[in-house]
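Sequence lines set the chain letters: A, B, ... in the order given, protein chains first and strands last, and positions in each chain run from 1. All values derive from a computational prediction rather than experimental measurement.
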Protein chains: 2
Amino acid sequence: MVFGLSFKKQQFDAREEAILDAVNQLLSEKGYDLMTMDDVADAVGVAKGSLYKHFSSKEKLAGAVLSRLLRETLERLEAMPAEWTAGRKLEEVLRWSLQHRLRGGVPHLPSTSVSFQRSLLLNLEYMGLAIRVNKRFKELVAKAREDGEISAQVPDEVIIYTLYSRSCDPTVEFLKQDGKLSHEQIVEAMVAATFGGLSKREV
Amino acid sequence: MVFGLSFKKQQFDAREEAILDAVNQLLSEKGYDLMTMDDVADAVGVAKGSLYKHFSSKEKLAGAVLSRLLRETLERLEAMPAEWTAGRKLEEVLRWSLQHRLRGGVPHLPSTSVSFQRSLLLNLEYMGLAIRVNKRFKELVAKAREDGEISAQVPDEVIIYTLYSRSCDPTVEFLKQDGKLSHEQIVEAMVAATFGGLSKREV
DNA sequence: GTCTATACACCGATAGAC
DNA sequence: GTCTATCGGTGTATAGAC
């Protein structure tokens with residue numbers, strides 16, 4: 001019986017992972033507002049009612065996916081070589097976010113819905129992670145500023161918000177649909193445009 | 001009776017303008033998907049049914065607002081001093097778009113909804129204007145590139161898509177809510193970040 | 001043409017059989 | 001715990017009185 005329970009638990013956890021993967025993809029394609037619980041149920045291949053045995057609401061479900069993303073982001077930040085400059089680390093975070101999204105991952109900002117954003121503020125797991133990520137970003141920006149890696153014309157808040165915003169920049173979708181650039185070229189062009197700017201640099 | 005009809009027509013046109021203004025504001029606040037026809041009716045102060053005497057659908061209604069925006073954009077482009085460089089003109093378009101949005105105007109990309117985007121493709125008025133704006137952008141980018149004003153690391157498509165995307169960049173909302181920067185400072189920081197980039201320039 | 005009332009579809013969430 | 005069936009609510013769009 002122990003084995004039976006263990007097997008059932010494994011099955012349950014595997015299904016939960018499958019749900020999160022499906023939601024991840026749907027959120028990246030349609031965003032929170034346009035994603036329906038029917039979409040999720042169809043994608044996973046279970047009945048809609050069964051979803052609520054795993055997650056008590058659509059907001060909790062999307063919050064779990066975003067929490068998973070924040071955990072990945074934190075891991076990425078901590079795994080970066082110590083010899084990289086702070087500016088390089090910020091650039092790599094953006095590069096990873098863009099690659100992540102081009103592979104079908106959910107962006108850091110999948111919705112502008114006020115009610116969903118408020119539900120995230122009440123989500124302890126999500127908020128804890130978000131605060132940790134934000135704190136790390138602030139430290140990196142401060143260090144990069146100190147080392148003279150950051151433009152004097154751009155305030156710290158703009159740097160940080162821009163990093164979040166680029167993860168859901170529709171430019172990525174346009175370039176992807178355009179088909180003229182490879183995924184790698186899209187990433188490098190976006191990184192160059194974000195950190196280097198659109199204007200020509202003095203030589 | 002001619003006067004009577006004329007007056008009624010004026011009233012009708014005035015109401016239509018009021019509707020477009022309300023939709024403009026609602027689209028800028030909630031985006032297409034979250035804006036409901038009830039919202040519009042309440043904002044204008046008319047019954048929901050009456051809206052459909054002016055516009056046959058929600059998609060047509062939003063399309064009319066976007067067409068109005070594109071007309072304004074074209075006027076802005078044509079009114080620019082001939083002595084400005086192409087790069088300066090592109091920068092001013094972005095500056096105007098950001099100012100427009102901070103004053104409560106609808107962004108160029110108010111929705112990622114597939115069905116709405118498809119409806120725009122079938123909207124002759126909108127598509128005609130969009131093509132004209134896009135053509136003008138391409139000309140300006142080509143000229144700026146020719147004059148060495150544009151970064152070699154950023155392809156033309158990325159320049160153009162970025163200009164559209166910045167008009168709906170959530171960074172603007174974050175900075176506005178943050179309250180630390182004035183509207184003018186937000187605009188200049190965003191312009192500097194977009195054209196100058198986040199990294200420090202060589203001196 | 002503007003109003004009230006309503007048809008029809010969809011969505012989030014729940015109930016109850018198994 | 002998973003299914004089918006359904007509730008309550010909301011959204012777009014329309015019908016009909018005035």
Discussion item. Tell me if the NZ atom of B:Lys176 is crowded by more than 12 foreign heavy atoms within 6.0 Å.
Written reply: yes
Worksheet entry | Residues within residues 51-59 of chain B bordering DNA chain D, heavy-atom distance below 4.0 Å | B:Tyr52, B:Ser57, B:Lys58
Under 3.5 Å, side-chain donor or acceptor atoms of residues 76-87 of chain B against the rest of the protein: list the pairs with distances, not counting sequence neighbours.
| from | atom 1 | to | atom 2 | distance (Å) |
| --- | --- | --- | --- | --- |
| B:Thr85 | OG1 | B:Arg88 | N | 3.1 |
| B:Thr85 | OG1 | B:Glu149 | OE2 | 2.8 |

Worksheet item: Do other residues, nucleotides or ligands put more than 12 heavy atoms under 6.0 Å from A:Lys180 NZ?
Response: no
Discussion item. Around atom CG of B:Leu122, are there more than 12 heavy atoms from other residues, nucleotides or ligands closer than 6.0 Å?
Written reply: yes
Practice prompt. Please determine if B:Lys58 forms a cation-pi arrangement with B:Tyr32, meaning its NZ or CZ atom is less than 6.0 Å from the six-membered ring centre and no more than 45° off the ring axis.
Written response: yes
Fill in: Contacting residues from residues 27-35 of chain A, given that a heavy atom lies under 4.0 angstrom of DNA chain C
A:Met35
Discussion item. Can you pull out the residues from residues 36-45 of chain A that lie within a 4.0 Å heavy-atom distance of DNA chain D?
Written reply: none
Worksheet item: Are there more than 12 heavy atoms of other residues, nucleotides or ligands under 6.0 Å from atom CG of B:Leu121?
Response: yes
Would you tabulate the side-chain donor-acceptor contacts of residues 46-54 of chain A under 3.5 Å, counting partners in other chains and residues two or more places apart, or write 'none'?
| from | atom 1 | to | atom 2 | distance (Å) |
| --- | --- | --- | --- | --- |
| A:Lys48 | NZ | A:Asp38 | OD2 | 3.4 |
| A:His54 | ND1 | A:Glu16 | OE1 | 2.9 |

Discussion item. Could you check whether B:Arg95 pairs with B:Glu184 (Lys NZ or Arg NE/NH1/NH2 to Asp/Glu carboxylate O, under 4.0 Å)?
Written reply: no
Practice prompt. Return yes if a side-chain donor-acceptor contact under 3.5 Å exists between A:Asp156 and A:Tyr161, otherwise no.
Written response: no
Practice prompt. Determine the sole option in A:Leu20, A:Val23, A:Val40, A:Val65 for which the side-chain contact (heavy atoms from CB on, under 4.5 Å) test with A:Phe55 is passed.
Written response: A:Leu20
Item to complete: Can you establish whether the number of heavy atoms outside B:Arg118 located under 6.0 Å from its atom CZ is more than 12?
Response: no
Item to complete: Look at the rings of A:His108 and A:Trp96 and say which category their plane angle falls in: under 30° parallel, 30 to 60° tilted, over 60° perpendicular.
Response: perpendicular
Worksheet item: What is the 5' to 3' range of DNA chain C, first to last nucleotide, that sits under 4.0 Å from any heavy atom of chain B?
Response: C:dT2 to C:dT4
